[in-house]
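Every value quoted in this text rests on a predicted model; they were computed, and no experiment measured them. Labels below follow one simple rule: chain letters A, B, ... track the order of the sequence lines, proteins then strands, and each chain is numbered from 1.
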Amino acid sequence: MARVVLIGNLAQLTGGVAEFNVSATSIKQLFDRLTELHPELGPHLQEGVAVAIDGQIYQETLLEPIAPDSEVFILPQIAGG
Amino acid sequence: MAENGTNGTNGQGYVGTRTIRPDGVDKVTGRARFGADFNLPGQLIGKVLRSPHPHARIVSIDTSKAEALPGVKAVITRDDFADQSSEFIPAGEMMMNYKDVVRNVMAREKALYEGHAVAAVAATSALVARRALKLIDVKYEVLPHVIDVVEAMKPGAPLLHDDLFTAGVEPKPDKPSNIAKRIEITLGDIEAGFKKADVIIEREFKTAPVHQGYIEPHAALASVSEDGSAELWCCTQGHFIVRAHCARLLGMDIAKLRVTASEIGGGFGGKTVVYLEPLALALSRKAKRAVKMAMSREEVFKASGPTSGATVKVKMGATKDGKFVAGFAELKYQAGAFQGSPVQPGVFCAYAPYDMENVKVIGYDVVSNRPKVAAYRAPGAPISEFAVESVVDEIAKKLGIDGIQLRMMNAAREGTKAAYGPKFGPLGLEETLNSIKKTEHWNTPLRKWQGRGVASGFWFNIGGETCASLTINEDGTVSLMAGTPDIGGLRAALTNVVADELGIPYDKVRPIIGDTGSLGFTFLTGGSRSAFSGSMAIVEAAKQIKTELCARACKLWELKPDQVEFSKGSVKALGAAAEKFKPMSIADFAKIAGKTGGPIGGYGRINAQGAGPSLGTHLVDLEVDPETGRVTILRYTVAQDAGKALHPAYVEGQFQGGAVQGIGWALNEEYIYGEDGKLQNAGFLDYRMPVASDVPMIDAILVEVANPKHPYGVRGVGETPIVPPLGAIANAMEQATGIRFTELPMSPPKVLKALKEKAANGGKN
């Protein structure tokens, strides 16, 4: 199972729990699993977050694969100027 | 590498060479059309009535006298825009809420800053439009205002929004506040880290809001047809984003609005949002005539986004041998009248250049009666990294370690865990530090009142949705269409890639920026993404063309796919067939395109991922005039990791431009408000930006640590260069004067005051 860490304020929606072990093969599956566990997270995940899988940051994508031993961080979306 | 300003190659391709910019001739002859250069027959001129108050309830708006003025064809107010529900969207470059966007383009319940749009007029001339504005009767109930971020956070401060409750705090507040959000990131154990420290430095910093300072004011020309379809020409960093916002605000189908981006006279993040565009469309829809609008410079300052001013506390601890063991920071960023400051990236970037085990950064997003901030190159990062780089310099001096060496000892590198979570891939910070240390600049002696400063900087960079098309024309030339406005040399950089991918001369490729009807959704030029993402889309489009050409060759030559290959601009038969069939060039295929299946082209449609962070290190020498407090930049060197410079001259230009903007931020630029809450320096005469004569030639050192996620190794380069200057200059000021300046800008009055205070104090700070 992938190790998933919520960064920033997201853990406030999970009762302070910031780390999860989740079985998911894609970002979409990960979002679905986390939303099942903590429905309040759902809108925030859909609204736009960045997902770092094994160090690589992905944004606005649901289909990126997640390996069973991946380290995943969910963080606020990153923009720029 | 080809010689400067040629379209030749070194035989290994165009990427990495300094080809002549395709838009250059039109720019220098005045032929290029910027936002205000577009005109249509019978167009009207639109003007905006703006609030004279920093904070006021709008009791009523009577437009009847204005509407009755001969020549006035339309007047719009808040009543012409449907209210929007609260919905955050990743629009432009920061999160936005449409409920706020509709209120920012046209005030509804309240005017929230001086210059806030209250009504707009379209008339047959600018003169008539201005007269009409004077006939609009707006009744205001003036309210107390608050400008300063710390004042705005205090209990009892004038409240901008009755429905704004601080997010990110537990328990959820039951009273509204000007603090929109509190955010926090934590790595390791900050208290345990400080216990390991032999030296701890704690400082508080203040930075002023600064404007992006683009030379070209916002301008738009809109034409709405009686059938509801519309065209819009405007200067923007992202015409697809303009289309999305305007369609939403005006209740239009996206397909009915076609937006064309003009050439752009600078954006730097400030042209990622809409101001005039929805007003021009609403006026045109009402008047049934085309409407042209352009901001004055005063309007640009008063009504378009600067970046945040901020208050920053930093506390850092290091061991006596120079290892950073703990870093704390608290950031309070102005958002302007609506929530959404760049405090989030400020929090993430504060300690990003360094490999640290214990970090805690807290950020506050705070509204006040100023124009809503917009993105500005590496939004949020220059502020927090200025504070940290200043403290790093103090630690270096306290420990007797040179600044470059100390940064080298603590530099983030591949595998370093960022305070915001993930581990970094390959990074080039050490290489930039090494490059700076090797310069002659680093070893040149200084005189009295001169100082040398160094600072490093980090920015993430992004990818995103991007389209680009390549069309093989009948004569074998190639039309390249990109969807991101060319702000910093995109067309030249992408043309280099096309020429290499297809194996054709640079001069045979003509790049244009397509309108929103010509390509699929393409995110804006920002986030240092356009060359990174655009080149990836082109690689995809070129691949389609090469595949198609090979397929046609197979049919023509009756060969199997593994018997042909595309190489150096031609399809060649392989093996025994090579003797039988002469290679066919792209031009050969173009001649018979119709007879072999029709026009040939490729269409790259991607959501680019894999952007690699770019880190840089700046070195600056300056001299302080003790009589006047004036600071002169003597010498400046930038070293930055570009991954791979598609077009080195443009990359160097980004380095130099960012450094100059950072110099302005550090030394002179600031919004100055009176007690009445009104901006006192809304013009370039009083808002002092550096001009060419203020700065020396800035030396640029290209560092290339390839980004493994990009086919050419590219990293975005446009934003990082504005991050280090603030800290580098503050550090140089400390060396020149012995004074640690913690407040920006370090303008002559402040410098002189600090020098006098030091002298009065017997030479001590």
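Of all the heavy atoms in Val169(B) and Gln12(A), the pair that sits closest is N-OE1, 3.9 Å. Between Gln59(A) and Ile462(B), the closest heavy-atom pair is NE2-CG2, 3.6 Å.
Only the backbone of Ala611(B) comes within contact range of chain A, with at least one heavy atom under 4.5 Å from a heavy atom of that chain. There is no contact between Val361(B) and chain A, counting heavy-atom distances below 4.5 Å. For Ile57(A), the parts sitting under 4.5 Å from any heavy atom of chain B are the backbone and the side chain alike. With a threshold of 4.5 angstrom between heavy atoms, Ile185(B) approaches chain A through side-chain atoms but not through N, CA, C or O.
A donor-acceptor pair is defined here as one N or O able to donate and one able to accept, closer than 3.5 Å; such a pair exists between the side chain of Asn607(B) and the backbone of Glu60(A).
Top candidate by heavy-atom pairs under 4.5 Å with chain A, chosen from Gly425(B), Gly610(B), Pro345(B), is Gly610(B). Interface check for chain A: of the options Gln212(B), Gln344(B), Lys417(B), the most heavy-atom pairs under 4.5 Å are formed by Gln344(B). Of the listed residues Arg529(B), Lys423(B), Lys271(B), Glu465(B), the one with more heavy-atom pairs under 4.5 angstrom with chain A than any other is Lys423(B).
Atoms CD1 and CG, on Ile7(A) and Leu187(B) in that order, are 8.5 Å from each other to the nearest 0.5 Å. Atom OH in Tyr420(B) sits 5.5 Å away from atom CD1 in Ile78(A) (nearest 0.5 Å).
At a threshold of 4.5 Å between non-hydrogen side-chain atoms, the residues Gln609(B) and Gln56(A) do not count as touching. Looking at Pro76(A) and Phe348(B), their side chains come closer than 4.5 Å, going by heavy atoms from C-beta outward.
A 6.0 Å sphere centred on CZ of Arg33(A) holds more than 12 heavy atoms belonging to other residues, nucleotides or ligands.
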